[in-house]
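Note: hydrogens, waters and symmetry copies are ignored here, and every other heavy atom, side chains too, is used. Given the structure is predicted, the values throughout are model-derived calculations rather than measurements. To find a chain, count down the sequence lines: A is the first, B the second, and so on, and within it residues start at 1.
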Amino acid sequence: MRNAVITGAADTAVGRLEGSSCMSLHAEAAQAALEDAGLRAGDIDGVLCAYSLSEPHLMLSSVFCEYFGIRPSYSAAVQAGGATACATIMQAAALVSAGVCRHVLAVCGDNRLTGMSRDGAVAALSEVGHPQFERPFGISIPAAYGLVARRYMHEWGVTPEHLAGVAVAHRAHARRNPKAQARDPLSLEQAMAGRLIADPLRLFDCCLISDGGAAVVVSAADTVADRPSRPVSILGYGQMNTHEHVIGMPTLTEFGCKQSSAQAFAMAGLTPADVDVAEIYDSFTITLLAELESIGFFKKGEAGPAVLEGALDLGGVLPCNTHGGLLSYGHSGAAGGMFHVVEAVRQLRGQAEGRQVDGAEVAFVHGDGGILSAHCSLVLGRA
Amino acid sequence: MGTQPRVTAETAAFWQGCADGVLLHQCCSACGHVQFPPRFFCVRCRSRAPEWRPSAGTGTVYSYTVVHRAPTPAFKDDVPYVIALVDFDEGFRMMVNLRGCPAGDLRIGLRVGAFFEPAAGGGALPQVRPLEDGRC
């Protein structure tokens, strides 16, 4: 879909942002993305927002547009959990390609750390469990992924050390990123000794809870001549949706990212071997390991050992989550997935500073929502 | 302790079964498809002919997790507790709590049997515990 390009991308600070609000984070990210694109707010004719736990509303995109002071001809909120950010980019590209919009702003943000208690965030997230057949048994998001992890370990020989290796790899990336929320050194031994959350998942197997926002502008390709920042091409995209709840999962070892990524690579005319840098949803360490194998970057059971050998690091076979990911950069709801998109744009523009993947020309971005339920993949390229 | 969920017309028979000490599931009278959770239609052939059938209540642990961090205050006194996905012998999968299993005996493939636990607010929740001769 080469007639849709990313012209602007930005994120706010992440972490504990005292006094921030869901809407202020949206506006800060949106303004920065507009400046990056060299556009005025009035140039935006399409807006895609996500959802908020701290300031929930039936019509979040309308709430944002009113607050930001814009009146776009197209506006909608998209809710696909961790797949939302990628899904908004996919939808923005489709809107631009169809000629419905010229410049679509995709913007997410939430203040999950200061806007609600940690207990409140955990409880709100547990409500994705089935109301009659999961929640009465004390399900939480970590518990749902604990079930996935236990089965995946059983079938494919994944070990606690492999999981910890993923956490350590993300921390190594985050330590090169001054914006990352979690930058303290983390050893394999420390990660493996973290307190149990939902066995086999321990503290460092779980993503952070953060305040933050992120925004991306998707524009028609014939508008890029006037843009100040190097554009990034949207080469391919795809989605797959297989279930919502754990009790509805077809299997606990094969996921819709296989189909969504295959669609995206086919549209781009590329394969996983062409990817220079990957930004893949890492809500838990097992999420990333399973997705790396389902997408086909590694054979089943081989991602864990590869991670311990440095596969995901700069200079590894697949530099992945170079900003630090949800595990160490930050996770503020739908914006968490948008951080992956923003990082891919920075890598393709050569703006990733101390964590730059040399000569990165093709990036793969993936988000998954629910319990590996909704999947959206993007293939982006240096324009 | 789990709370009795809000019951709907599609699930009332299931929860009444729990209160009566019977684990029910649905089997399509048109195509034979076994399904859970209960619905008014069959997800395979789309007929409106799912029938309620009692389960023997025996099954095999497909996966499990030991929860150390409660999602809500209602579960704070229960940690650590085991959530298991159980494949019942009739061919349906449920999420339940696995009770009475020493940590060292927890394993995928464990044979379990259903029992019913009083729920906060009335009614009963289906749960499982290891079968005596727990071999799969």
If you count heavy-atom pairs under 4.5 Å between each of [options] and chain B, which one has the most?
{"options": "Pro200(A), Gly146(A), Pro131(A)", "value": "Gly146(A)"}
{"options": "Gly138(A), Ala149(A), Ala198(A), Gly248(A)", "value": "Gly138(A)"}
{"options": "Ile141(A), Leu201(A), Val122(A), Val148(A)", "value": "Val122(A)"}

Heavy atoms of other groups near Lys258(A) NZ, more than 12 under 6.0 Å: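 Counting neighbours around NZ of Lys258(A), 12 or fewer heavy atoms of other residues, nucleotides or ligands fall under 6.0 Å, so no.
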Step through the shown structure and confirm whether more than 12 heavy atoms of other residues, nucleotides or ligands are within 6.0 Å of CZ on Arg44(B).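 Yes, the 6.0 Å shell around CZ holds more than 12 heavy atoms from other groups.
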Heavy-atom distance under 4.5 Å to chain B: side chain of [X], backbone, both or neither?
{"X": "Ile139(A)", "answer": "both"}
{"X": "Met153(A)", "answer": "neither"}
{"X": "His245(A)", "answer": "neither"}

Non-hydrogen side-chain atoms of Leu196(A) and Val66(B) separated by less than 4.5 Å: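 No - every pair of side-chain heavy atoms lies 4.5 Å or more apart.
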Would you mind checking which part of Tyr81(B) comes under 4.5 Å of any heavy atom in chain A, side chain (CB onward), backbone (N, CA, C, O), both or neither?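 The side chain, not the backbone.
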Pro126(B) versus chain A, the contacting section by heavy-atom distance below 4.5 Å: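 Both parts, backbone and side chain.
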Testing the basics here: between Ile83(B) and Leu147(A), what is the closest heavy-atom pair and its distance to 0.1 Å?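 For Ile83(B) versus Leu147(A), the nearest heavy atoms are O-CD2, 3.6 Å.
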Could you tell me which non-hydrogen atom of Val7(B) sits nearest to which non-hydrogen atom of Gln132(A), and how far apart they are?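 Where Val7(B) meets Gln132(A) most closely, the heavy atoms are CA-OE1, 4.0 Å.
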Using side-chain contact (heavy atoms from CB on, under 4.5 Å), reason through Leu106(B) and Arg150(A) one step at a time and then give a plain yes or no. CA-CA 11 Å; Leu106(B) 279 172; Arg150(A) 176 62 64 194; over 6 Å; no
Spacing of CZ belonging to Phe137(A) relative to CD belonging to Glu117(B), to within rounding of 0.5 Å: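 Here the rounded value is 9.0 Å.
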To the nearest 0.5 angstrom, please state how far the CZ atom of Arg93(B) sits from the CG atom of Leu252(A).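 It comes to 6.5 Å.
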Any Lys/Arg nitrogen of Arg69(B) or Asp199(A) sitting under 4.0 Å from an Asp/Glu carboxylate oxygen of the other?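 Looking at Asp199(A) together with Arg69(B), the answer is no, because their closest N to O distance does not fall below 4.0 Å.
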Please rank Ala84(B), Pro5(B), Pro80(B) by heavy-atom pairs under 4.5 Å with chain A and give me the top one.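 Ranked by heavy-atom pairs under 4.5 Å with chain A, first place is Pro5(B).
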Name the member of Thr8(B), Val67(B), Thr11(B), Thr72(B) that forms the most heavy-atom pairs with chain A at distances under 4.5 Å.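 Among Thr8(B), Val67(B), Thr11(B), Thr72(B), the one with the most close pairs to chain A is Thr11(B).
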Treating Arg151(A) as the side-chain partner and Tyr62(B) as the backbone partner, does any N or O pair qualify as donor plus acceptor under 3.5 Å?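 Checking the backbone N and O of Tyr62(B) against the side chain of Arg151(A), a donor-acceptor pair under 3.5 Å is found.
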What is the ring orientation for Phe36(B) with Phe133(A), classed by angle as parallel under 30°, tilted 30 to 60°, or perpendicular over 60°?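 Correct class here is perpendicular.
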